[in-house]
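Here is the structure we will look at.
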Amino acid sequence: YKEVINTLVDFVLICDYDGKVLQFNQAGQAYFQMMNEEMLTDTSNSWLVKVCHPDDLKILFETWGEALQDNA
C-alpha cells in the first residue's frame with residue numbers, strides 16, 4: 001500500500017484508532033513538513049486541531065467516534 005499512496009497527489013495520513021499518525025505519503029510529508037515530528041510523536045489526536053479547518057472538526061470527531069464504535 002505504501003507505493004500506492006505515494007502515487008496520490010493529495011496527502012494521505014494513516015492513523016491508528018487513537019489518532020496517532022503511523023505514516024504519511026510523500027505529499028503528506030511535504031505538506032506537513034514542519035509538523036512531522038509532532039504528528040509522529042503525539043500520542044493523542046490533538047494535532048488534528050492544528051491541521052483541520054475549525055468548521056470541519058465537529059464532523060471529523062463525530063465520524064471518527066462512529067468508526068471507533070463500529071470498529072470500522
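- For D56, the side-chain contact (heavy atoms from CB on, under 4.5 Å) partners at least two apart in sequence or on another chain are H53.
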Can you give the donor-acceptor pairs under 3.5 Å from side chains of residues 57-65 to other protein atoms, not counting sequence neighbours?
residue: T63; atom: OG1; partner: I59; partner atom: O; Å: 2.8
residue: W64; atom: NE1; partner: Y17; partner atom: O; Å: 3.0

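- Atom CD of residue Q26 and atom CG of residue L8 lie 10.5 Å apart, to the nearest 0.5 angstrom.
- If you take CG on N25 and CG on D10, they are separated by 8.5 Å, rounding to the nearest 0.5 Å.
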